[in-house]
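I have placed the structure first, in the form of structure tokens, so that the comments after it can refer back to it.
In this text the structure is predicted, and so the values were computed from the model without any measurement.
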Amino acid sequence: MKNILVTIDFDSGEEKLLETALTMANKFSAKVWLLHVTAPDPEFVGYDVGPQYIRDFRAEELRNEHKTLQEFAKRLEQKGIDAEGLLIQGATLEMILNEAQKLKIDLIIVGYEQHNFLYEALIGSVSSKLIKKSKIPVLVVPLEEEP
């Protein structure tokens, strides 16, 4: 195992995912790729981008997400792990699968949080869909806090 992909969504649980990635990377001397997939640009999906302040806000949001990914990668590097952060735009599931193939990923680490029935029925979770579609092993890390 040489390449591990960790999906980061910036909702919660990043610390748990980073700990898991560190453990796996240490055991297998693997490189860790930290991936955050952000929504595509409005122009890309056929919507007007709106006023300049909205574009400025979106650009600042992307800069902050990229900076955070780089900080996560640096923390892993300080612990002796080769790591790199990637911020890409697009449809989450497809982008994860595409990047995994491009980077020759051996293991995908993804977080999972329980949602209510309605959410699961209408939207589902990326981790569930990833398990079904990926030809690469997927390690699911539960992110719920213990009671």
Side-chain angles (χ1 to χ4, degrees), residues 1-47 49 54 57-147:
M1 182 177 318
K2 293 294 173 203
N3 289 292
I4 298 172
L5 181 71
V6 181
T7 62
I8 304 288
D9 67 6
F10 296 123
D11 283 341
S12 66
E14 289 83 20
E15 293 304 319
K16 226 175 184 183
L17 291 170
L18 291 173
E19 287 173 26
T20 303
L22 178 63
T23 300
M24 298 300 284
N26 273 327
K27 287 186 192 282
F28 296 102
S29 300
K31 178 171 184 170
V32 173
W33 298 87
L34 304 170
L35 175 67
H36 175 66
V37 180
T38 188
D41 284 330
E43 291 174 332
F44 176 74
V45 291
Y47 293 105
V49 292
I54 292 176
F57 176 79
R58 181 73 175 132
E60 181 66 22
E61 185 178 58
L62 291 173
R63 275 192 294 276
N64 289 337
E65 289 174 348
H66 185 259
K67 181 181 175 189
T68 303
L69 278 174
Q70 298 312 313
E71 288 168 1
F72 288 161
K74 188 175 182 178
R75 284 176 37 200
L76 290 173
E77 287 175 344
Q78 290 170 344
K79 295 180 180 182
I81 301 299
D82 187 11
E84 194 167 329
L86 301 171
L87 176 68
I88 57 176
Q89 291 180 300
T92 305
L93 182 63
E94 289 78 12
M95 297 310 293
I96 292 170
L97 293 171
N98 289 344
E99 287 301 306
Q101 186 177 8
K102 274 196 263 183
L103 298 170
K104 296 180 172 43
I105 297 299
D106 301 299
L107 176 69
I108 300 171
I109 299 175
V110 62
Y112 177 78
E113 288 184 283
Q114 183 74 35
H115 295 283
N116 67 36
F117 173 77
L118 187 58
Y119 180 93
E120 293 290 340
L122 295 176
I123 298 171
S125 72
V126 170
S127 55
S128 298
K129 292 173 186 172
L130 190 57
I131 291 167
K132 291 177 186 171
K133 291 203 170 202
S134 179
K135 292 178 176 36
I136 299 165
V138 178
L139 175 61
V140 179
V141 177
L143 300 178
E144 276 91 28
E145 294 295 319
E146 309 228 354

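- Taking NZ from K133 and CG from L97, the interatomic distance works out to 7.5 Å, rounded to the nearest 0.5 Å.
- By the 4.0 Å N-to-carboxylate-O rule, E60 lies close enough to R63 to be salt-bridged with it.
- Summarising the geometry of G111 relative to L143, their closest heavy-atom pair is CA-CD1, 3.6 Å, with the distance given to 0.1 Å.
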**Message:** Go through it in stages, so that I can follow the logic: the residues are D9 and E14, the test is side chain to side chain contact (heavy atoms under 4.5 Å, CB included), and I'd like the CA-CA distance, side-chain angles, deciding distance and then a yes or no.
**Reply:** CA-CA 8 Å; D9 67 6; E14 289 83 20; 3.7 Å; yes
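- The shortest non-hydrogen separation linking A73 to A83 is O-CB, 3.7 Å.
- Side-chain atoms of K16 come within 3.5 Å of backbone N or O of P142 as a donor-acceptor pair.
- The side-chain heavy atoms of K31 and E84, taken from C-beta on, include a pair separated by under 4.5 Å.
- Note on residues 4-37: pairs passing ring pair (Phe, Tyr, Trp, His ring centres under 6.0 Å), not counting sequence neighbours, are F10-H36.
- Between I108 and P137 the shortest side-chain heavy-atom distance does not fall below 4.5 Å.
- Put simply, the side chain of V138 reaches to within 4.5 Å of the side chain of V110, judged on heavy atoms.
- For E61, the CD atom counts as densely surrounded, since its 6.0 Å shell holds more than 12 non-hydrogen atoms of other residues, nucleotides or ligands.
- The shortest side-chain heavy-atom distance between L62 and L87 falls under the 4.5 Å cut-off.
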**Item:** Derivation of the salt bridge (Lys or Arg N to Asp or Glu O under 4.0 Å) call for E94 and K129
**Value:** CA-CA 10 Å; E94 289 78 12; K129 292 173 186 172; over 6 Å; no
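- Looking at heavy atoms from C-beta onward, I131 lies in side-chain contact with V140 at the 4.5 angstrom threshold.
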**Request:** Given salt bridge (Lys or Arg N to Asp or Glu O under 4.0 Å), test K74 with E77 step by step and report yes or no.
**Result:** CA-CA 5 Å; K74 188 175 182 178; E77 287 175 344; over 6 Å; no
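- In terms of heavy-atom proximity, Q89 sits nearest to M95 at O-CE, 3.7 Å.
- The heavy-atom pair separating A25 from V32 by the smallest distance is CB-CG2, 3.6 Å.
- Atoms CG and CG, from L86 and L103 in turn, are 6.0 Å apart once rounded to the nearest 0.5 Å.
- Looking only at side-chain heavy atoms (C-beta outward), V6 and L18 stay at 4.5 Å or farther from each other.
- The side-chain contact (heavy atoms from CB on, under 4.5 Å) test applied to K67 returns E71, not counting sequence neighbours.
- Here the NZ atom belonging to K2 is positioned 6.0 Å from the OG atom belonging to S29, to the nearest 0.5 angstrom.
- Residue L107 holds its CG atom at 9.0 Å from CG of L5, rounded to the nearest 0.5 Å.
- Taking CD1 from I81 and CE from M24, the interatomic distance works out to 11.5 Å, rounded to the nearest 0.5 Å.
- For the pair N3 and A30, the tightest heavy-atom approach, listed with the atom from each and the gap, is N-CB, 4.2 Å.
- Between atom CD1 of residue I109 and atom OG1 of residue T7 there is a gap of 9.0 Å, rounded to the nearest 0.5 Å.
- At least one side-chain heavy atom of V37 sits less than 4.5 Å from a side-chain heavy atom of L35.
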**Message:** If you apply the rule side chain to side chain contact (heavy atoms under 4.5 Å, CB included), what do you find for L130 with I96, and how did you get there?
**Reply:** CA-CA 8 Å; L130 190 57; I96 292 170; 3.9 Å; yes
